[in-house]
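Heads up: numbering here begins at 1 and tracks the sequence.
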Amino acid sequence: MDSKTFGRQFLESTAVCRDKEQLHNGRPPVPEKPAPTDSILVQLPAPEMLPDKMTSFLQLIELRSSYRDYNHSSLNLKELSFLLWCTQGVKMLTPPGITKRNVPSAGSRHALETYLIIHRVTGLEPGIYRYMALEHALHREELDGNAMIKAEQSFNSKTIVEHSAVTFIWTAVSRRMTYAFSNRGYRYIFLDAGHTCENLYLASEVLGMGACALGAFSDESLNDALALDMDKEFAVYAASVGKI
């Protein structure tokens, strides 16, 4: 298939749905995947307790870059809380299924979930966690014993992930977006992931850390490591973070 044909088919498949009967079908999806009822969440430092770093915005934009080499220092919970709040923190919840967050999203649908491969964060055991944005807390995922290694090896640049303090993985619960925008919602999901990753870059720079976006990975392997049903939820983007 040539690029012209692919482009036309993509535009047709994601065209704005003009048939209102295809939209808002059934109950609106919830804005967050719930944790198991018996789960003990790790509460993060509240946003109002996070340090307010003064910085020059122009300098921040000019210094923003991708960092692939990290030292072996650990993040603390306040630093991780800061990064999560800046990338997916919830400022307001409004029915039905709409959240106002610190990043833009088409229709405020916010289809993304944030998974974390944690290597070095003070007070947390290494493992795979999920950010519970509504609670501003972490849930440790109960996955296969080799899930962390399998997730790391899913990336083409796996050494960056292995040497990071934390690697963010953003997955999309597609119905949150397609409920409002039909097939065109898939386009908005990837736009939203870009907004989120850029906030991670800027927040990392403020803290004197480095971030590196990661888009090259095996979809099948990474989704399998996170035990995701690819018809309903799938990985779309990732980024490593560490001290430099």
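- Residues V173 and L143 fall into different hydrophobic clusters, defined by Ile, Leu, Val, Met, Phe, Trp and Tyr side chains chained together at heavy-atom separations under 4.5 Å.
- Separating the CG atom in L134 from the CD atom in E32 is a distance of 4.0 Å, to the nearest 0.5 Å.
- Pairing each heavy atom of M177 with each of A106, the nearest pair is SD-O, 3.8 Å.
- Proximity of a side-chain donor or acceptor of E233 to a complementary backbone N or O of L228 within less than 3.5 Å is not detected.
- Taking each heavy atom of A147 and A225 in turn, the nearest pair found is CB-O, 3.5 Å.
- T87 contributes atom OG1, which lies 10.5 Å from atom CZ of F82 (distance to the nearest 0.5 angstrom).
- Considering every non-hydrogen atom in both A172 and I189, the closest pair reads CB-CG2, 3.4 Å.
- Looking only at side-chain heavy atoms (C-beta outward), Y179 and S174 stay at 4.5 Å or farther from each other.
- The shortest distance between side-chain heavy atoms of S204 and L83 falls below 4.5 Å.
- The side-chain heavy atoms of L112 and T196, taken from C-beta on, include a pair separated by under 4.5 Å.
- When hydrophobic side chains of Ile, Leu, Val, Met, Phe, Trp and Tyr are connected at separations under 4.5 Å, L41 ends up clustered with M132.
- Residue-environment remark: NZ (K150) exceeds the threshold of 12 foreign heavy atoms within 6.0 Å.
- Atom OG1 of T159 is separated from atom CD of E152 by 11.0 Å, given to the nearest 0.5 angstrom.
- Closest of all the heavy-atom pairs between A213 and Y237 is CB-OH, 3.3 Å.
- The hydrophobic cluster containing L138 also contains V241, counting ILVMFWY residues as joined when their side-chain heavy atoms lie under 4.5 angstrom apart, directly or transitively.
- One hydrophobic cluster, built from ILVMFWY side chains closer than 4.5 Å, holds both L124 and V166.
- Counting only distance, with no hydrogens or angles, the side chain of N223 and the backbone of A235 share a donor-acceptor pair below 3.5 Å.
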Practice prompt. Under the side-chain contact (heavy atoms from CB on, under 4.5 Å) rule, what do M92 and T99 come out as? Steps first, then yes or no, please.
Written response: CA-CA 6 Å; M92 183 187 301; T99 53; over 6 Å; no

Worksheet item: Taking it one step at a time, do T171 and F234 satisfy side-chain contact (heavy atoms from CB on, under 4.5 Å)?
Response: CA-CA 5 Å; T171 68; F234 49 89; over 6 Å; no

Fill in: Working for side-chain hydrogen bond (donor to acceptor under 3.5 Å, both in side chains), residues Q153 and S221
CA-CA 8 Å; Q153 293 179 342; S221 177; over 6 Å; no

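- For the pair I244 and M209, the minimum side-chain heavy-atom distance is 4.5 Å or more.
- Heavy atoms from other residues, nucleotides or ligands lying under 6.0 Å from CD of E142 number 12 at most.
- For N76, the CG atom sits in a packed shell: over 12 heavy atoms of surrounding residues, nucleotides or ligands are nearer than 6.0 Å.
- Looking at heavy atoms from C-beta onward, I169 lies in side-chain contact with I117 at the 4.5 angstrom threshold.
- Atoms CG and CD, on L207 and E79 in that order, are 6.0 Å from each other to the nearest 0.5 Å.
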Practice prompt. Kindly determine whether D192 and S105 satisfy side-chain hydrogen bond (donor to acceptor under 3.5 Å, both in side chains), including the steps that lead there.
Written response: CA-CA 6 Å; D192 284 6; S105 175; 2.5 Å; yes

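- Residues meeting the side-chain hydrogen bond (donor to acceptor under 3.5 Å, both in side chains) test with S74, sequence neighbours left out: none.
- Here the side chains of L75 and T122 are not in contact, with every heavy-atom distance at 4.5 Å or above.
- Between R109 and P29 there is a side-chain heavy-atom pair separated by less than 4.5 Å.
- The ring-ring contact (aromatic ring centres under 6.0 Å, His included) contacts involving residues 190-223 comprise F155-F217, where partners must be two or more places apart or lie in separate chains.
- At least one donor-acceptor pair under 3.5 Å links the side chain of Q43 to the backbone N or O of E135.
- Applying the salt bridge (charged side-chain N to carboxylate O under 4.0 Å, His left out) rule to R130 yields the partners E113, E141; only residues at least two apart in sequence or on another chain are considered.
- Residues in residues 93-137 take part in these ring-ring contact (aromatic ring centres under 6.0 Å, His included) pairs, two or more places apart or across chains: W85-H136, Y131-H136.
- Although no hydrogens or angles enter the test, the distance criterion places a donor-acceptor pair under 3.5 Å between the side chain of R120 and the main chain of H163.
- Salt-bridge annotation for R140 and E125: absent, with no side-chain N of the basic residue lying under 4.0 Å from a carboxylate O of the acidic one.
- V161 and W170 sit in two unconnected hydrophobic clusters of ILVMFWY residues. Membership requires side-chain heavy atoms under 4.5 Å apart, directly or through other members.
- If you chain together hydrophobic residues whose side chains sit under 4.5 Å apart, V206 and F168 fall into the same group.
- Contact between A133 and R101 at its shortest, heavy atoms only, is CB-NH1, 3.6 Å.
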Can you give me every donor-acceptor pair (side chain of residues 54-63, partner residue at least two apart or in another chain, under 3.5 Å) with its distance?
residue, atom, partner, partner atom, Å
S56, OG, Q59, N, 3.3

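- Interatomic distance, CG of L80 versus NZ of K78, reported as 13.5 Å (0.5 Å rounding).
- Within the 4.5 Å cutoff, the side chain of L84 has heavy atoms near those of the L116 side chain.
- Heavy atoms only, all atoms of each residue included: N102 and C86 are closest at CB-O, 3.8 Å.
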Worksheet entry | side-chain contact (heavy atoms from CB on, under 4.5 Å) between I128 and I118, worked out | CA-CA 6 Å; I128 297 179; I118 291 182; over 6 Å; no

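- Heavy atoms of other residues, nucleotides or ligands lying less than 6.0 angstrom from NZ of K33 number more than 12.
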Discussion item. Before you tell me yes or no, could you show the steps for C212 and Y67 under side-chain contact (heavy atoms from CB on, under 4.5 Å), namely the whole-Å CA-CA distance, both residues' side-chain angles and the distance that decides it to 0.1 Å?
Written reply: CA-CA 5 Å; C212 181; Y67 294 90; 5.8 Å; no

Item to complete: Decide yes or no on side-chain hydrogen bond (donor to acceptor under 3.5 Å, both in side chains) for S164 and S240, but give the supporting numbers first.
Response: CA-CA 6 Å; S164 69; S240 62; 5.4 Å; no

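- Taken to the nearest 0.5 Å, the NE2 atom of H139 stands 11.0 Å off from the CD1 atom of I40.
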